[in-house]
Structure formats: structure tokens, C-alpha cells
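Step one of this worksheet: look at the structure below.
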Amino acid sequence: MADKCVRYALSWRLASFAGMAALAAALFLPQIAHAQNYPSRPVRLILPFGAGGVADVTARLVTEKLGEKLGQRFVIENMAGAGGINAARAVLSAPADGYTLALFSNGTAISVSLFKNLGFNPVTDFVPVSSMGYFDFIFVTQAGSPYPTLAEFIKSAKAKPGTLNVGTINVGSTQNLAAQLFKSTAGVDVTIVPFRSSPDVLIALLRGDIQMAIENYTAVQSHVADKAAIAVSSSGTIRTTFLPEVPTVKEAGGGDFEARSWNAIFAPKGTPPAVIATLNAALREVLEMPDLKKRALDLGIEAKASSPEEIRDRLKADIDKWAQVIERAGIAKQ
């Protein structure tokens, strides 16, 4: 009797294991097959920005090569809107199958603290794929101004509190928050003047309405090349490759300052891990291509892939960092 009971128990367990194995196969084999065939049709990459900006240019450079690598077109869709809400909703409303992806940036991290109701959580509603590029901001003054270096600007700002103006694009942009961070780390009292667009910032600088501007390299490149403006500092922790003679803010006496932006690809939560792995591996190859790296560098962008974990950690760190800057600056939530 005991032997029969043992045999029955063993057969029941084996049957249970077989059933579980069958269930696992039913659940995961379709995902494996899907990943093996991925991508079998065009892939959408939705951007929370309009055409022509740094993120758009980066995405088009990378997806052109990515499409060649994976044998399918990657279609850029621009869905500009406050906080990236429209773009995020479009991605989250699509199936989590790897055919609709999101571009996240440093602006995504900022939006978490800038908006009362963002409508999505970039950390829990999405999974990271890889970074695409990183870029620093450039501090520029007008040619012939009394501030040919950032050190001299800081010295004057401390000697004459509240008299110098720093121009950036709109309140809550990375440039604008970089200016707020600079006030804190450099210990200066300057007036931050927001403008609607990068051209407006540079017009104000060249006209003398502001004494310094903080902008991305693509916006100031031609003015620096024509010597109408002087690049006095860069915003990263090390000097930029494209302006190696220009010191960082920290080198110039601006304290423990760093304001680096980035662009990355994220997918909606639930996207098969094998698809994420396929995309990550392809991006690692594409972003090491010499011609792509050169084209990106000419625009002030460091083309660089990451592991999913690395870009997730960067997103979370920047959410915390910019939340503190926003709170300290007293910027009202939108």
C-alpha cells in the first residue's frame, strides 16, 4: 500500500511538472519565436520633441544605421508636447512588442518634478533599452565683452550681485535648470532670463541684453566659429571632445557643477526581454561606427550605448537631482 502511495505521489508530481513545463512553453515560446523574428516590420520611435532639435537629429542618425543593421525601417514620429505626455501615451497605448519605442531624455527626468500630473511614470511604466548619445551645454559670452572667461564672469557677479543676466530657453528646460544649478554651485546672484527659443537667446546675447547664455553646441556653433560669441565653459565633468580648449564650469571656479543631457531608447513595460537584448546589441554595434560617431561629434553629441541598467540608473539619478534644483529655485509645477 505504501509503495502504491509513493508511486502515486511521484506520478502526480511528474504530471504536475509536465503541466508546468507545458504552461511555461505555451507562455514563453511565442515570445522566443517573436524575438527571433524581430523586427519583421517597421519600428516606430516616438519623440517628445519637434523636428530639427538635438534629440531629433540624434534619433535620425542612429535609426538610419539601426534600420540597415536589422533589416527594417525605423520610423521617427515627432509628438511634441509638455512633459512628453503625448508621446508617452502613444507608446503606452501600443502593444508592448518592440514595434513602438520611446525616446527619453534628461527632459524626461525633469518632467517628473515639473508637472503636477505627468500621467506616466518613466521608471515603472517603461523598460530601458540603451542610451544613444550624451551632450554638454556651452556657456557663451559676447565677443568683446568684459567676461572672456567664466572665472571673470563669476568674479564680477560676486562683486556686483544681481547685476548680470544669464539667458536660457524656457523655464524648466535643462539649460534653464543648469543656470539655476550654476547660481548655487558658483555662489553667485545673477538674474536668469528665459526666452522662447535658442535663436532668441543668442540674439539677446549679441545685442548685449544678457551677459551670458547657456545653450547646446549646435545652437552656438556658428556664432563661436564666426567669433561673434566666445565659448567660456562647458557643463560636463570633463572637457568636451569638440571644444577641448574650453574649461569645464568646475575648472573655472564654478563649484561642483555638472549638467549633462542625454537621449535614450525606452520600451513599454512588458516588452519581451529578448527584444530588448536584440535592440541593445544592435545599438552597441551601430554607435561604434566611425562615420556615425564623427557625424554626431560634429553636432556636439557623443554617440554612446549603455546597458539597460546603466541608463535606468542615470534616469533615476537625474530625477532626484533636478527635483532638488526645481525645489530650491522655487519653480512652480505646471
Side-chain angles (χ1 to χ4, degrees), residues 24-81 84-105 108 119-133 262-289 291-293 295-296 301 303-309 311-312 315:
L27 289 173
F28 297 112
L29 284 178
Q31 290 191 15
I32 294 170
H34 170 84
Q36 288 175 339
N37 296 325
Y38 177 85
S40 59
R41 64 179 190 272
V43 179
R44 301 161 67 204
L45 177 60
I46 299 181
L47 277 59
F49 306 104
V54 174
D56 181 71
V57 172
T58 304
R60 293 181 190 277
L61 280 175
V62 173
T63 55
E64 179 185 356
K65 296 290 189 181
L66 197 59
E68 293 172 2
K69 172 70 181 173
L70 294 176
Q72 285 291 341
R73 285 192 311 126
F74 279 71
V75 181
I76 302 293
E77 293 187 25
N78 301 94
M79 291 189 185
I85 294 171
N86 294 337
R89 284 176 178 170
V91 176
L92 291 175
S93 65
D97 55 8
Y99 288 93
T100 305
L101 305 171
L103 182 139
F104 280 3
S105 71
T108 309
F120 69 96
N121 187 316
V123 176
T124 59
D125 293 339
F126 290 84
V127 291
V129 177
S130 171
S131 62
M132 291 191 294
W262 46 268
N263 293 302
I265 293 179
F266 278 66
K269 182 181 177 181
T271 301
V275 169
I276 301 296
T278 296
L279 285 167
N280 184 273
L283 281 163
R284 285 182 178 277
E285 289 190 37
V286 162
L287 289 163
E288 286 299 320
M289 293 180 176
D291 60 331
L292 184 147
K293 290 182 82 71
R295 288 172 66 190
I301 303 163
K304 185 179 179 182
S306 71
S307 69
E309 293 75 21
I311 196 60
R312 177 201 60 207
L315 170 63

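Values below: every heavy atom of this structure, side chains too, minus hydrogens, waters and symmetry copies. For clarity, every value in this text was computed on a predicted model and none was experimentally measured.
One finds the CG atom of Leu92 at 5.5 Å from the CG atom of Asp125 (value rounded to the nearest 0.5 Å). With rounding to the nearest 0.5 Å, the separation of CD in Glu285 from CG in Asn280 is 11.0 Å. Put simply, OH on Tyr99 and CD on Gln72 are 7.0 Å apart, with the number rounded to the nearest 0.5 Å. Taking OG of Ser130 as the start and CG of Asn263 as the end, the distance is 11.5 Å to the nearest 0.5 Å. To the nearest 0.5 Å, atom OG1 of residue Thr63 and atom CD1 of residue Ile76 are 3.5 Å apart. Atom CE of Met132 is separated from atom CH2 of Trp262 by 10.0 Å, given to the nearest 0.5 angstrom.
When side chains are defined from C-beta on, Leu66 does not count as touching Leu45, because their heavy atoms never get closer than 4.5 Å. Looking only at side-chain heavy atoms (C-beta outward), Arg73 and Pro39 stay at 4.5 Å or farther from each other. With contacts defined as side-chain heavy-atom distances shorter than 4.5 Å, the pair Thr58/Val54 qualifies. Contact of the Pro122 side chain with the Phe104 side chain is registered, since non-hydrogen atoms from C-beta on lie closer than 4.5 Å. A heavy-atom distance below 4.5 Å is found between the side chains of Val62 and Leu287. Taking 4.5 Å as the limit, every side-chain heavy atom of Lys65 sits out of range of all side-chain heavy atoms of Leu61. Phe126 places none of its side-chain heavy atoms less than 4.5 Å from the side chain of Thr271. The shortest side-chain heavy-atom distance between Asn86 and Pro48 does not fall under the 4.5 Å cut-off.
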Inset, instruction - Decide side-chain contact (heavy atoms from CB on, under 4.5 Å) for Leu315 and Phe266; before the verdict, give the C-alpha distance in whole Å, the side-chain angles of both, and the deciding distance to 0.1 Å. - result: CA-CA 11 Å; Leu315 170 63; Phe266 278 66; 3.9 Å; yes
Inset, instruction - Check the pair Arg295, Asp291 against salt bridge (charged side-chain N to carboxylate O under 4.0 Å, His left out), reporting the backbone distance first and the verdict last. - result: CA-CA 6 Å; Arg295 288 172 66 190; Asp291 60 331; 5.4 Å; no
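Considering all non-hydrogen atoms of both residues, Val43 and Gly98 come closest at CG1-O, 3.5 Å. The two residues Phe120 and Ile85 have their closest heavy-atom pair at CE2-CA, 4.1 Å. Residues Ser306 and Ser131 share a closest heavy-atom pair of OG-N, 3.0 Å. Residues Pro95 and Pro268 approach most closely at O-CG, 4.5 Å, considering heavy atoms. Scanning all heavy atoms of the two residues, the minimum distance from Ala96 to Pro272 falls at O-CD, 3.4 Å. Of all heavy-atom pairs between Leu103 and Ala59, the closest is CD1-CB, 4.0 Å.
At least one donor-acceptor pair under 3.5 Å links the side chain of Asn121 to the backbone N or O of Thr124. Although no hydrogens or angles enter the test, the distance criterion places no donor-acceptor pair under 3.5 Å between the side chain of Asn78 and the main chain of Leu47.
More than 12 heavy atoms of other residues, nucleotides or ligands shown are found within 6.0 angstrom of NZ on Lys293.
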